[in-house]
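What follows is a set of notes on a single structure, which appears directly below.
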Amino acid sequence: MANDSIRVSLTEGPIPAVDPFEDERLGADLRFLGVVRGVEGGRQISGIRYSAYPEMAERSLRKIVDDYQNAVGPHPVVIVHRIGFVAAGEPSIVIALGQPHSAEAFDLLAGYLRRIKEDVPIWKHPVSADGTTTAP
């Protein structure tokens with residue numbers, strides 16, 4: 001699998017579209033968009049302000065990718081996470097990956113998402129409708 005099929009990054013702009021992977025060995029080509037809900041902790045919010053130490057967060061994302069590349073074998077994967085303010089209804093993360101079979105692809109995607117939420121130093125700060133930051 002070519003290294004250009006593995007990308008991780010943070011962005012302050014909108015989540016970019018990810019083109020399909022061009023590999024005839026892949027029977028599953030998944031895209032997951034994590035979208036900011038308008039309610040957090042039972043309260044209405046206007047969005048979430050994500051903060052991070054970018055170098056550490058990108059290093060953590062690359063480690064997660066390396067771990068899964070070693071565990072399940074080479075596969076294409078793109079992960080882009082937003083930082084800064086993300087309004088309710090907008091995507092804050094995309095995870096795109098490919099696998100030969102759909103069941104493995106869904107399991108792998110769920111694993112990536114779990115590890116990102118647990119291991120990557122990106123913090124979320126809900127912003128109430130009046131613009132004040134609330135406790136998560």
Side-chain angles (χ1 to χ4, degrees):
M1 192 70 46
N3 273 348
D4 62 347
S5 64
I6 298 173
R7 294 189 332 256
V8 299
S9 64
L10 301 178
T11 183
E12 291 187 28
I15 293 292
V18 178
D19 293 331
F21 300 114
E22 295 183 15
D23 186 332
E24 63 188 24
R25 296 170 292 178
L26 301 176
D29 187 334
L30 298 184
R31 302 288 178 279
F32 169 78
L33 283 177
V35 177
V36 173
R37 296 180 302 272
V39 175
E40 182 77 17
R43 289 181 268 174
Q44 203 68 25
I45 62 167
S46 62
I48 294 178
R49 186 171 322 284
Y50 291 92
S51 63
Y53 177 57
E55 293 83 7
M56 185 182 292
E58 286 185 2
R59 194 168 43 249
S60 295
L61 288 170
R62 283 192 296 273
K63 178 169 181 356
I64 292 167
V65 169
D66 289 346
D67 288 350
Y68 279 117
Q69 293 290 318
N70 291 328
V72 302
H75 57 278
V77 60
V78 174
I79 301 170
V80 181
H81 200 299
R82 285 192 60 184
I83 55 175
F85 181 76
V86 182
E90 291 183 12
S92 60
I93 187 172
V94 63
I95 304 170
L97 61 82
Q99 281 286 287
H101 304 285
S102 59
E104 290 86 353
F106 282 109
D107 288 345
L108 185 57
L109 195 140
Y112 270 110
L113 184 59
R114 179 184 45 74
R115 288 274 314 270
I116 290 166
K117 287 178 174 256
E118 292 173 357
D119 300 347
V120 179
I122 296 175
W123 302 278
K124 65 185 217 176
H125 312 279
V127 178
S128 67
D130 67 4
T132 58
T133 302
T134 62

Under 4.5 Å between any side-chain heavy atoms of [X] and [Y], yes or no?
X: D23; Y: S5; result: no
X: F32; Y: L97; result: no
X: P14; Y: E90; result: no
X: V65; Y: Q69; result: yes
X: Y68; Y: H75; result: yes

Can you tell me how far apart [atom1] ([X]) and [atom2] ([Y]) are? Round to the nearest 0.5 Å.
X: Y53; Y: I83; atom1: OH; atom2: CD1; value: 12.5 Å
X: R82; Y: I15; atom1: CZ; atom2: CD1; value: 6.5 Å
X: R114; Y: I64; atom1: CZ; atom2: CD1; value: 9.5 Å
X: D66; Y: I6; atom1: CG; atom2: CD1; value: 7.5 Å

Above 12 or not: heavy atoms from other molecules or residues under 6.0 Å from [atom1] of [X]?
X: F106; atom1: CZ; answer: no
X: E22; atom1: CD; answer: no
X: R31; atom1: CZ; answer: yes

Taking a hydrophobic cluster as the set of Ile, Leu, Val, Met, Phe, Trp and Tyr residues connected by side-chain heavy atoms closer than 4.5 Å, whether directly or through intermediates, do [X] and [Y] fall within one such cluster?
X: L61; Y: M56; result: no
X: V80; Y: L33; result: yes
X: W123; Y: V8; result: no
X: L113; Y: V72; result: yes

How close do [X] and [Y] get, heavy atom to heavy atom, and via which atoms?
X: P126; Y: I45; value: CB-CG2, 4.1 Å
X: A28; Y: S102; value: CB-CA, 3.7 Å
X: V36; Y: S92; value: CG2-CB, 4.1 Å
X: A52; Y: A57; value: CB-CB, 4.3 Å
X: I95; Y: L109; value: O-CD1, 3.9 Å

Dump the intermediate steps for side chain to side chain contact (heavy atoms under 4.5 Å, CB included) on V77 and Y112, then the final yes or no. CA-CA 10 Å; V77 60; Y112 270 110; 3.8 Å; yes

Is the H81 ring parallel, tilted or perpendicular to the Y50 ring (thresholds 30°, 60°)? perpendicular

Side chain of S46, backbone of S128: donor and acceptor closer than 3.5 Å? yes

Between H101 (side chain only) and Q99 (backbone N and O only), is there a donor and an acceptor less than 3.5 Å apart? no

Decide yes or no on salt bridge (charged side-chain N to carboxylate O under 4.0 Å, His left out) for K63 and D67, but give the supporting numbers first. CA-CA 6 Å; K63 178 169 181 356; D67 288 350; 3.0 Å; yes

